[in-house]
Visitor: 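Have a look at the structure that comes next, please.
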There are 2 protein chains.
Amino acid sequence: MTTRRRRDKAATRAALLDAARLRFSRQGFDGVGVREIAADAGVDAALVFRYFGSKRELYAQAMRPEVPDVPHGGPDRPAGEIAADLLREVVLADRGPAGEHPLVAMLRSSGRADVREQLRVRICDEHLAGFAERLPGDDAALRAEMLGALLLGLGVMRSVVGSPALTGAGPARIEELFSAMAAPLTRDQ
Amino acid sequence: MTTRRRRDKAATRAALLDAARLRFSRQGFDGVGVREIAADAGVDAALVFRYFGSKRELYAQAMRPEVPDVPHGGPDRPAGEIAADLLREVVLADRGPAGEHPLVAMLRSSGRADVREQLRVRICDEHLAGFAERLPGDDAALRAEMLGALLLGLGVMRSVVGSPALTGAGPARIEELFSAMAAPLTRDQ
DNA sequence: GTCTATAGCTAGATAGAC
DNA sequence: GTCTATCTAGCTATAGAC
């Protein structure tokens, strides 16, 4: 009863961001109110506006990864290995209570133009650009985006659609099939 | 000035359904109000509740396809051809003003449990089940769902993310790469 | 640093006039 | 068959007390 834990700006901010990430991921931008998020964080809704200015800005900060998502390793790393890394990160990784990669969750809010823009930048420019550089041939960008489509689709099928076989299958078998599908993309065309 | 076109229950219902399909697809369930939809249809918002009872029911009816989506052809049709048909239907087809397949659009409303359920039924049971029957091997369902993931991902990348290479590429090249990726799924494992 | 109170607006839904 | 008017409840956001 001595340490009140309130009156701590950093902790409150962090609690709001955590609660926002979870709620926004599950229900989409329009599906949640700031009151709900603040209640989850154990504080008042007015603090959302004090710390973030608007619900929109809270969304932006909550869904932005604090650390660059996945490094691609050295310049001579095989494309197939990078693809397998992306699979583990986007699809197979245990995501805690949210249960899905932020990029998959953001699809729920893709009615908003700014969210679509964020999706494009993060998927194409951050995740796939480095991958495309390692691909031979002249339509490397297209093949990189087709790999991105497979990754995104797998994430959606598992955590949004809840498709039974893909949800129940072991990671090893999924990795095996994924590698076979990705192989035609990494060869020179 | 004689045919007033109003006072026509069927036409009003249809106009509401069309407007709803477009708005819900673009903005998601929570991103639109019934007033907007009614205004698009040129009628009053009260008619939404008269004809459909609730916004939720309007969504359900607007996004439900009136005709079964895609037949798979005879029982001896090769799996590869069916896959190519699905690609054309889900990804490459011109969708008019909506611009994307309803199943892709429904991802924007997947914060709602009933929408997720609809997605699972239509993707897994209606689209993929018939495809899985034609695949050899014992994890046919898993491989069918991985094909579904690729299709859904391609639809998302093109019409939600707006990835540049996939959006600009010609259908022929996309079909070619898609077939190569799908091939490992249709062979016996 | 946090909360109460509330402004200002828009939402879904209903009743009843025409 | 359609619209006007309205109810109730929710929303984001702000002002100011503590």
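Predicted, not measured: the structure shown is a model, and the values here were computed from it. Chain letters run A, B, ... following the sequence lines, proteins first and then strands; every chain starts at 1.
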Visitor: So, is Arg35(A) close to the dG10(D) phosphate, meaning a side-chain N or O under 4.0 Å from OP1 or OP2?
Guide: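 Checking dG10(D) against Arg35(A), no side-chain N or O comes under 4.0 Å of OP1 or OP2.
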Visitor: Examine dT12(D): is either OP1 or OP2 under 4.0 Å from a nitrogen or oxygen in the side chain of Ser54(A)? Give yes or no.
Guide: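 No, Ser54(A) has no side-chain N/O under 4.0 Å of OP1/OP2 on dT12(D).
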Visitor: As a test of reading the structure: which of dA15(C), dA13(D), dG12(C) is closest to the side chain of Ala46(B), going by heavy atoms?
Guide: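 Selected nucleotide: dA15(C).
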Visitor: Take atom CZ of Phe52(B) and atom P of dA13(C), then tell me their distance rounded to the nearest Å.
Guide: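 Taking atom P of dA13(C) as the reference, CZ of Phe52(B) is at 13 Å.
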Visitor: Who pairs with Arg26(B) by side-chain hydrogen bond (donor to acceptor under 3.5 Å, both in side chains), at least two apart in sequence or on another chain?
Guide: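 Residues passing side-chain hydrogen bond (donor to acceptor under 3.5 Å, both in side chains) with Arg26(B): none at all.
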Visitor: Over how many whole Å does the gap from Leu47(B) atom CG to dT4(D) atom C1' extend?
Guide: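 Going from CG in Leu47(B) over to C1' in dT4(D) covers 12 Å.
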Visitor: Would you mind reading off the distance between Lys9(A) atom NZ and dG1(C) atom P, rounded to a whole angstrom?
Guide: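 Going from Lys9(A) (NZ) to dG1(C) (P), I get 6 Å.
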Visitor: Output yes when at least one side-chain N/O atom of Thr12(A) is less than 4.0 Å from OP1 or OP2 of dG1(C), else no.
Guide: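 False: Thr12(A) side-chain N/O out of range (4.0 Å or more) of dG1(C) OP1/OP2.
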Visitor: Does the Lys NZ or Arg CZ of Arg112(B) fall within the cation-pi geometry relative to Phe29(B) - under 6.0 Å from the ring centre and within 45° of the axis?
Guide: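 Yes; both conditions hold, so Arg112(B) lies above the ring face of Phe29(B).
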Visitor: Does one side chain, of Arg56(A) or Gln61(A), offer a donor that lies under 3.5 Å from an acceptor on the other?
Guide: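 No.
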Visitor: Can you tell me which nucleotide in dC3(C), dT12(D), dA15(C) comes closest to the side chain of Val43(A)?
Guide: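 My answer, after comparing the listed nucleotides, is dC3(C).
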Visitor: Would you say the side chain of Arg95(B) lies within less than 4.5 Å of the side chain of Ser25(B), judging by non-hydrogen atoms?
Guide: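 No. Closest side-chain heavy atoms not under 4.5 Å.
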Visitor: If I take atom CZ in residue Phe49(B) and atom C1' in nucleotide dT2(D), what distance separates them, rounded to the nearest angstrom?
Guide: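 One finds 15 Å between C1' of dT2(D) and CZ of Phe49(B), rounded.
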Visitor: If you check the Tyr51(B) side chain, which of dT2(D), dG12(C), dC3(C) turns out closest?
Guide: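 Among dT2(D), dG12(C), dC3(C), the one nearest the side chain of Tyr51(B) is dT2(D).
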Visitor: Would you kindly give the CZ-to-C1' distance between Arg13(A) and dT2(C), to the nearest whole Å?
Guide: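 To the nearest whole Å, that distance equals 16 Å.
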Visitor: Which nucleotide in the set dT12(D), dG1(D), dG1(C) lies at the smallest distance from any side-chain heavy atom of Arg50(A)?
Guide: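 Selected nucleotide (nearest to the side chain): dG1(C).
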Visitor: Which whole-number value in Å describes the distance from Arg56(A) CZ to dA13(D) C1'?
Guide: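 Taking CZ of Arg56(A) and C1' of dA13(D), I get 15 Å after rounding.
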Visitor: Quick one: Leu16(B) CG to dA13(C) C1', roughly how many Å, whole number?
Guide: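 Distance check: Leu16(B) CG to dA13(C) C1' gives 15 Å.
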Visitor: Which atom pair, heavy atoms only, marks the closest approach of Glu145(A) to Pro164(B)?
Guide: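 Minimum heavy-atom contact is OE2-CD, 3.3 Å.
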Visitor: CG of Asp44(A) versus C1' of dT14(D): gap in Å, rounded?
Guide: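 It is 12 Å, rounded to the nearest whole Å.
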